[in-house]
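Read through the structure below, which is laid out as structure tokens, and then see the notes.
Note that the structure is a prediction, hence the values are computed from the model and not measured.
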Amino acid sequence: MNTQNEEKNREEGLIDIVGILTDYLRTLRRMWIWVLILAAAGGIFSYARSWMAYTPVYTASATFTITASQDGMSQTEGSYSFYDNSTTEQMVNTFPYILTSGVLSRRAAETMGRPAVSGQIAASSEENTNLFTLSVTDTDAELAYRTLQAVIECYPEVSEVILGRTNMELLDETGIPAYPDNPRNSSRDAVKGAAAGCALGLIWTGAVMLSRNTIKRKEDFQKRANMKCLGEIPQIAMKRRSRDNGHIINILNEKTDPGFEEALQMIRSKVEYSVWRHHSKTILVTSALAGEGKSTLAVNLALSFARNGKRAALIDCDLRNPSNRRIFGMEEGPGLYEVLSGEAKLHDVLITGRALGMDDEFRFYFLPGGRAVEDGSRLLGRERMWKIIEVLEKKVDIVILDSAPAGMLTDAGVLAQYADSALFVIKKDYAGTSHIMDGLEELAESRVHLIGGILNGV
């Protein structure tokens with residue numbers, strides 16, 4: 001039993017990781033242009049800074065052999081020299097103190113006729129040898145070499161006080177350096193800056209993903225919106241040409257993605273069960289914000305009921321933005337607005353399934369929105385709206401009301417008084433939880449039965 005629980009926990013952890021990665025990639029698809037901008041800005045900034053701040057550095061050096069001189073009696077009563085690598089090590093060890101004292105720098109500056117030495121003087125030795133190297137680093141190649149010559153001239157005299165007399169025999173020197181120690185490499189700096197900018201963009205993307213309080217998966221419905229999820233509608237890829245032509249997918253189209261139809265059938269089955277259980281006849285379809293796909297779902301849900309043998313009617317109640325005609329591929333014309341305002345009769349604007357090209361066995365009615373208006377709630381609140389729904393309820397088994405977004409407008413709250421049940425469409429990772437809760441509160445005030453939510457664009 002414990003093993004099964006551990007495996008289940010591991011699977012849930014894996015699902016969470018996969019879900020997080022999926023959410024991150026989805027957020028990155030929206031923000032990739034900002035990542036690109038930050039990478040370009042980082043590269044340009046680093047390149048410009050490298051170019052402007054570049055200062056060449058040159059090093060002139062000379063290598064010597066060191067022998068220590070000692071006074072002693074010989075046959076000629078002279079002096080003699082001998083190799084001693086310890087002397088070389090002492091010279092290197094004491095060199096920093098000599099530099100710190102400033103004596104060597106002052107002597108070298110006096111020799112060159114300058115007020116001070118601008119370069120950096122250093123010394124090193126090869127281990128277990130008597131090879132001693134003096135080097136001078138400066139931003140001017142010729143000045144580095146002149147300083148080196150002055151140091152070579154002055155050093156034996158300065159070091160004699162500490163180490164005694166030493167002999168320095170020159171083996172090799174660089175001369176005036178021809179190339180800087182740090183060649184200009186602005187391209188490399190630009191690449192580093194671009195990488196840093198890209199990394200910043202990716203971190204920003206992660207922060208945005210974590211800060212977005214939206215519905216991202218089916219499990220979020222209960223946790224964040226306190227409602228059950230009836231199903232998930234897959235995202236349907238559409239060509240740009242189709243989008244430009246205003247084509248929106250519906251199940252009457254033979255080219256409709258089979259995954260879309262299967263998901264819709266599952267949702268229709270659950271809605272149909274809820275309709276039977278709660279004796280519902282009129283269903284309100286809404287969302288929190290515009291652009292979540294609630295009109296597409298309302299149209300296809302009504303068509304799905306008709307295909308399944310039910311008599312169905314669809315009313316485009318989004319008078320501010322009537323769009324159902326475009327989903328059916330129809331031109332603009334009169335509809336609900338004209339009926340509510342008394343400009344037309346219901347039977348004159350009501351469109352049958354046969355007029356939409358459906359077979360005779362499909363008992364389907366469509367009442368389009370008509371002319372767009374700013375204040376849709378005022379018209380929808382009239383008694384004539386109730387009479388329209390009452391007439392259609394006598395003709396069909398199910399009436400679908402496509403409403404304006406509940407999280408933005410009061411239209412859905414007005415329509416909810418005519419509906420028996422409601423469906424709430426949520427586009428994945430789109431509307432904030434606050435907007436969703438505002439829309440649900442708008443429906444809750446009318447006491448309409450909430451069947452559940454539908455996750456769109458998985």
Side-chain angles (χ1 to χ4, degrees), residues 212-216 218 220-231 233 267 270-271 274-275 278 280-299 301-302 314-324 336-337 340 367 369 372-386 388-389 398-457:
R212 286 179 62 83
N213 191 17
T214 57
I215 302 295
K216 299 181 177 67
K218 189 175 181 180
D220 293 339
F221 271 72
Q222 191 65 39
K223 180 172 60 176
R224 298 188 178 181
N226 195 28
M227 64 176 168
K228 62 181 179 180
C229 180
L230 300 178
I233 299 293
I267 292 172
K270 294 180 180 180
V271 173
S274 178
V275 167
H278 293 90
S280 301
K281 193 152 190 175
T282 301
I283 300 176
L284 174 70
V285 179
T286 188
S287 60
L289 302 176
E292 298 200 63
K294 53 115 183 127
S295 293
T296 301
L297 182 86
V299 169
L301 183 61
L314 171 68
I315 306 177
D316 188 352
C317 302
D318 190 353
L319 297 181
R320 302 169 192 264
N321 182 32
S323 59
N324 291 352
L336 179 62
Y337 168 77
L340 292 176
L367 179 57
V373 293
E374 290 295 328
D375 188 7
S377 59
R378 180 179 60 83
L379 288 171
L380 295 173
R382 294 181 177 179
E383 185 180 355
R384 188 171 293 179
M385 183 66 199
W386 169 248
I388 292 173
I389 295 175
I398 192 81
V399 178
I400 304 293
L401 306 179
D402 178 17
S403 169
M408 300 174 59
L409 305 168
T410 60
D411 298 28
V414 173
L415 287 170
Q417 63 182 323
Y418 310 126
D420 303 312
S421 300
L423 291 173
F424 206 91
V425 180
I426 298 177
K427 185 176 180 179
K428 184 172 185 179
D429 197 20
Y430 186 76
T433 304
S434 59
H435 288 102
I436 295 173
M437 296 308 297
D438 289 343
L440 292 176
E441 288 178 7
E442 183 74 18
L443 297 179
E445 291 179 0
S446 64
R447 300 180 182 274
V448 65
H449 168 65
L450 181 63
I451 300 175
I454 300 170
L455 185 60
N456 189 24

Are [X] and [Y] side-chain neighbours, meaning at least one heavy-atom pair lies under 4.5 Å?
X	Y	result
L319	L380	yes
I389	L401	yes
I267	K270	no
L297	N456	no

**Q.** Donor-acceptor contact present, side-chain K294 to main-chain S403, <3.5 Å
**A.** yes
**Q.** Side chain D316, main chain S323, donor-acceptor under 3.5 Å
**A.** yes
Specify the closest pair of heavy atoms between [X] and [Y], including all atoms of both residues, with the distance to one decimal.
X	Y	value
K281	D420	N-OD2, 2.8 Å
A431	I436	O-CD1, 3.9 Å
M385	C317	CE-SG, 3.8 Å
R382	Y418	O-OH, 3.4 Å
G369	P322	CA-CB, 3.9 Å

Restricting to side chain to side chain donor-acceptor pair (under 3.5 Å), what partner residues turn up for [X], sequence neighbours left out?
X	result
S434	none
D429	R30, R212, T214
Q222	N226
Y430	none

Not counting sequence neighbours, which residues clear side-chain contact (heavy atoms from CB on, under 4.5 Å) with [X]? List them please.
X	answer
K228	L230
A302	L314, F364, I400
D220	I215, K216, R217, K223, R224

If I take atom [atom1] from residue [X] and atom [atom2] from residue [Y], how far apart are they, to the nearest 0.5 angstrom?
X	Y	atom1	atom2	value
S280	I398	OG	CD1	7.0 Å
S295	D402	OG	CG	3.5 Å
R384	L336	CZ	CG	11.0 Å
L367	Y337	CG	OH	14.5 Å
T296	L301	OG1	CG	12.0 Å

(Q) Among residues at least two apart in sequence or on other chains, which ones pass salt bridge (Lys or Arg N to Asp or Glu O under 4.0 Å) with D411? (A)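 So D411 forms a salt bridge (Lys or Arg N to Asp or Glu O under 4.0 Å) with R320.
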Q | Residues forming a salt bridge (Lys or Arg N to Asp or Glu O under 4.0 Å) with R378, sequence neighbours excluded | A |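 Testing R378 for salt bridge (Lys or Arg N to Asp or Glu O under 4.0 Å), a comparison that skips the adjacent residues, returns D375.
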Would you give me the side-chain donor-acceptor pairs under 3.5 Å for residues 282-291, sequence neighbours excluded?
unit_1 : atom_1 : unit_2 : atom_2 : d
T282   : OG1    : E393   : OE2    : 2.4
T286   : OG1    : A404   : O      : 2.9
T286   : OG1    : A406   : N      : 3.2
S287   : OG     : L289   : O      : 2.9

Q.
Could you walk me through whether L340 and I388 satisfy the side chain to side chain contact (heavy atoms under 4.5 Å, CB included) test, starting with their C-alpha distance in whole Å, then the side-chain angles of each, then the deciding distance to 0.1 Å, before giving a yes or no?
A. CA-CA 9 Å; L340 292 176; I388 292 173; 3.8 Å; yes
Q. What do the steps show when you test I426 against E292 for side chain to side chain contact (heavy atoms under 4.5 Å, CB included), and what is the final call?
A. CA-CA 6 Å; I426 298 177; E292 298 200 63; 4.1 Å; yes
For residues 442-452, please give each side-chain donor-acceptor pair under 3.5 Å, one per line with the distance, not counting sequence neighbours.
unit_1 : atom_1 : unit_2 : atom_2 : d
S446   : OG     : L443   : O      : 2.7

